[in-house]
There are 2 protein chains.
Amino acid sequence: MLVAQTLNEPRVRLRRERVLREAVDLADAIGADALTMRRLAEQLGVVPMALYKHVANREELLDGMVDLIVGEIEGELASEQEPAAASTDWQTGVRRRTLAARRTLQRHPWSRRVIEGRTTKTTAVLDYIEQFSSLLLAGGLSPDLTHHALHAIGGRMWGFTQELFDESHDAVPAPPPDPAMLQAAAARYPSIVAVATFRAHDPGSVVGRGCDDDAEFEFALDLWIDGIERLHRRHWSSAPEV
Amino acid sequence: MLVAQTLNEPRVRLRRERVLREAVDLADAIGADALTMRRLAEQLGVVPMALYKHVANREELLDGMVDLIVGEIEGELASEQEPAAASTDWQTGVRRRTLAARRTLQRHPWSRRVIEGRTTKTTAVLDYIEQFSSLLLAGGLSPDLTHHALHAIGGRMWGFTQELFDESHDAVPAPPPDPAMLQAAAARYPSIVAVATFRAHDPGSVVGRGCDDDAEFEFALDLWIDGIERLHRRHWSSAPEV
DNA sequence: ACCTGAACACCGTTCAAGT
DNA sequence: ACCTGAACACCGTTCAAGT
């Protein structure tokens, strides 16, 4: 597994990964609430304070755990039986990836709730969203529609796109973006950047306007309403076709 | 506000409501994590242990808080400007109710996360789901489709239908249902019961089979995929129509 | 560079006692 | 019937010290 992080020296990264790995295993066994710094330290045969050399605090520990298992999704996807034709429609790609994500997170029953509690966007999470977004854009969807589609699926599927493009709920306002960092982000997350910035290129809209929470909520709601009504009109049934 | 509960004597209920009301206000001010039993007791000018006469423990406190604010949805709905024609299609009814729920929960920023953490189904929550289900059934949707529709919207909109019909994740298996309680439940929650039990009346299916998590997940996923693809084909745009 | 031990300021909850 | 005080078994995290 390759998790790219702000790297210091290799010894530290090795130790940090072991801490996170053990934390994930322990949470699998006893749940996330029962996973305390002290309990984890005991598991590692070390004094509680030793953990703080590898992890700033409990919040960062949880972030790291989420990062670790979200990173596993890629492996789950790769290990599938059917290799999937080189080029398929976006629907098939999204379906495969979403079901792989679900299978991965289901192996860690605590992960759903913890993911929803996180506000930090770690690299593995951004990587996942990047892959997801790129599938939609490659399918020909506009950045506009992709943007709304991400918001609409976010809550139910992983919970972590929820606040992705929207900083308005953060207690501390985001610092003005450093141009160098923006460039680095654009290189690594081209699809996310395309989706997040399309409004700036739209001459008809105010530059830099953020998300409209209400509009996105109603988009998702109407998507659901229209879909259900159409199934209703088609006399949909869950019974297997005979 | 009317919150029906397993009632003991009126004095206790009065006190309990005051504890819950204060807890909600305090959580609004400092967040749910910072809301500790001790902090709440201080706010009420009372020693921490005094709370335990009105609430079994912190979990029950949170349940009560959720119950209180979910109960507010009905009032929010009633206080709307447009009185809404007596008979409309189910879509309009569901839309109004869902947006009223959203407005209510938005006034309590901590509520979304807390609701998702709860596993208990309190009365106000069941009442809300009952209203919601009855709108769909009255609209002519089959219990089968209603069932799947509830699962599909659950996560995103309120988070609390998630495990409604599915006990498989509970640590303790549900006790065999008491016939008298079932009858009482059927009286108060006819739509929920209709949705939850329709399989038993379907001759083609195994009686009593529970939910199929995987099938419901894929139902919601495909609902989303199909909806997005249809918008894509229609060249959907978020820009206001000119 | 990494780990330790003792301490601080908290938790939720119990128990036995008060009125 | 309701509230209290002291105590228990925990937390996350600090600080100063060890190697």
Side-chain angles (χ1 to χ4, degrees), chain A residues 5-24 26-27 29-67 110 113-114 117-120 171-172, chain B residues 5-24 26-27 29-67 110 113-114 117-120 171-172:
Chain A
Q5 289 282 37
T6 36
L7 35 99
N8 301 331
E9 51 286 276
R11 283 275 293 283
V12 171
R13 288 181 63 212
L14 210 66
R15 257 313 243 150
R16 182 183 152 93
E17 279 231 10
R18 202 187 138 221
V19 169
L20 297 179
R21 185 81 265 166
E22 201 78 38
V24 166
L26 191 54
I30 66 176
D33 286 345
L35 177 81
T36 65
M37 298 298 275
R38 293 172 118 105
R39 184 85 179 67
L40 175 59
E42 189 189 24
Q43 187 80 9
L44 286 159
V46 101
V47 94
M49 273 316 294
L51 299 176
Y52 288 80
K53 273 271 120 65
H54 307 102
V55 124
N57 48 39
R58 187 165 193 274
E59 293 296 286
E60 200 191 287
L61 175 72
L62 291 174
D63 279 338
M65 292 166 66
V66 168
D67 218 47
W110 49 271
R113 195 171 312 175
V114 170
R118 303 290 80 206
T119 57
T120 342
V172 183
Chain B
Q5 287 282 38
T6 35
L7 36 99
N8 301 332
E9 51 286 278
R11 282 276 291 284
V12 172
R13 288 181 62 213
L14 209 67
R15 258 312 245 152
R16 183 183 151 92
E17 279 230 12
R18 201 186 140 221
V19 168
L20 297 180
R21 185 79 265 167
E22 201 79 39
V24 166
L26 192 53
I30 65 176
D33 286 344
L35 176 81
T36 65
M37 298 298 276
R38 293 171 117 104
R39 183 85 179 68
L40 175 60
E42 189 189 24
Q43 187 80 11
L44 286 160
V46 102
V47 95
M49 273 318 294
L51 299 177
Y52 287 81
K53 272 273 120 66
H54 308 101
V55 124
N57 48 39
R58 188 166 194 275
E59 293 295 287
E60 200 192 286
L61 175 72
L62 292 174
D63 280 339
M65 292 166 66
V66 168
D67 218 46
W110 49 271
R113 194 172 312 173
V114 171
R118 303 289 81 205
T119 57
T120 341
V172 183

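In what follows, chains are A, B, ... by sequence order, proteins preceding strands, each numbered from 1.
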A:L61 and A:L40: CA distance, side-chain angles, deciding distance, side chain to side chain contact (heavy atoms under 4.5 Å, CB included) verdict: CA-CA 11 Å; A:L61 175 72; A:L40 175 59; 3.9 Å; yes
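- DNA chain C is contacted by B:T36, B:M37, B:R38 of residues 30-38 of chain B, taking any non-hydrogen atom closer than 4.0 Å.
- Each of B:R39 and A:A50 was assigned the nucleotide of DNA chain C with the nearest heavy atom; the assignment lying further toward the 5' end belongs to A:A50.
- Residue pairs meeting the side-chain hydrogen bond (donor to acceptor under 3.5 Å, both in side chains) criterion with at least one partner in residues 31-40 of chain B, sequence neighbours excluded, do not occur; the list is empty.
- Mapping B:G45 and A:P48 onto DNA chain D by nearest heavy atom places B:G45 at the nucleotide closer to the 5' end.
- The minimum heavy-atom distance linking A:W110 with A:A32 is given by the pair CB-CB, 3.8 Å.
- The stretch residues 56-66 of chain B participates, sequence neighbours left out, in these side-chain hydrogen bond (donor to acceptor under 3.5 Å, both in side chains) pairs: B:R16-B:E60, B:E59-B:R118, B:D63-B:R118, B:D63-B:T120.
- Exactly one residue among B:L35, B:L26, B:V19 makes a side-chain contact (heavy atoms from CB on, under 4.5 Å) with B:Q43. That residue is B:L26.
- The shortest heavy-atom contact between A:A41 and A:P48 is CB-CA, 3.4 Å.
- Whole-Å rounding puts the A:L51 CG to C:dC3 C1' distance at 11 Å.
- In this entry the distance linking CD of B:E42 with C1' of C:dA9 reads 14 Å, nearest Å.
- Contacts of B:A34 classified as side chain to side chain contact (heavy atoms under 4.5 Å, CB included), with partners at least two apart in sequence or in another chain: B:I30.
- Legend: residues meeting side chain to side chain contact (heavy atoms under 4.5 Å, CB included) with B:R113, ordered by chain and number and at least two apart, are absent.
- In terms of the side chain to side chain contact (heavy atoms under 4.5 Å, CB included) criterion, residue partners of B:A50 (sequence neighbours excluded) are, by chain and number, B:V46, B:V47.
- Taking the side chain as every heavy atom from C-beta outward, B:D67 and B:L20 never approach each other to under 4.5 Å.
- Put simply, CD on B:E17 and NE2 on B:H54 are 12.0 Å apart, with the number rounded to the nearest 0.5 Å.
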Taking N or O atoms only and anything under 3.5 Å, show me the protein contacts with nucleotides 14-19 of chain C, one pair per line.
none

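- Per the geometry, NE2 belonging to B:H54 stands 9 Å off C1' belonging to D:dC3, to the nearest Å.
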For DNA chain D, produce a single dot-bracket line, 5' to 3'. Pairs: Watson-Crick or G-U wobble, both distances under 3.5 Å. Symbols: ( ) within strand, [ ] crossing, | other strand, . unpaired. ||.|||||...|||||.||
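- Atom CG of B:N57 and atom P of D:dA9 are 20 Å apart (whole Å).
- Atom-to-atom, CZ of B:R58 to P of D:dC10 comes out at 19 Å; the value is rounded to the nearest Å.
- When the P atom of C:dC3 is taken as reference, atom CG of A:L44 falls 10 Å away, rounded to whole Å.
- One atom, CD of A:E59, and another, C1' of D:dT13, lie 13 Å apart when rounded to the nearest Å.
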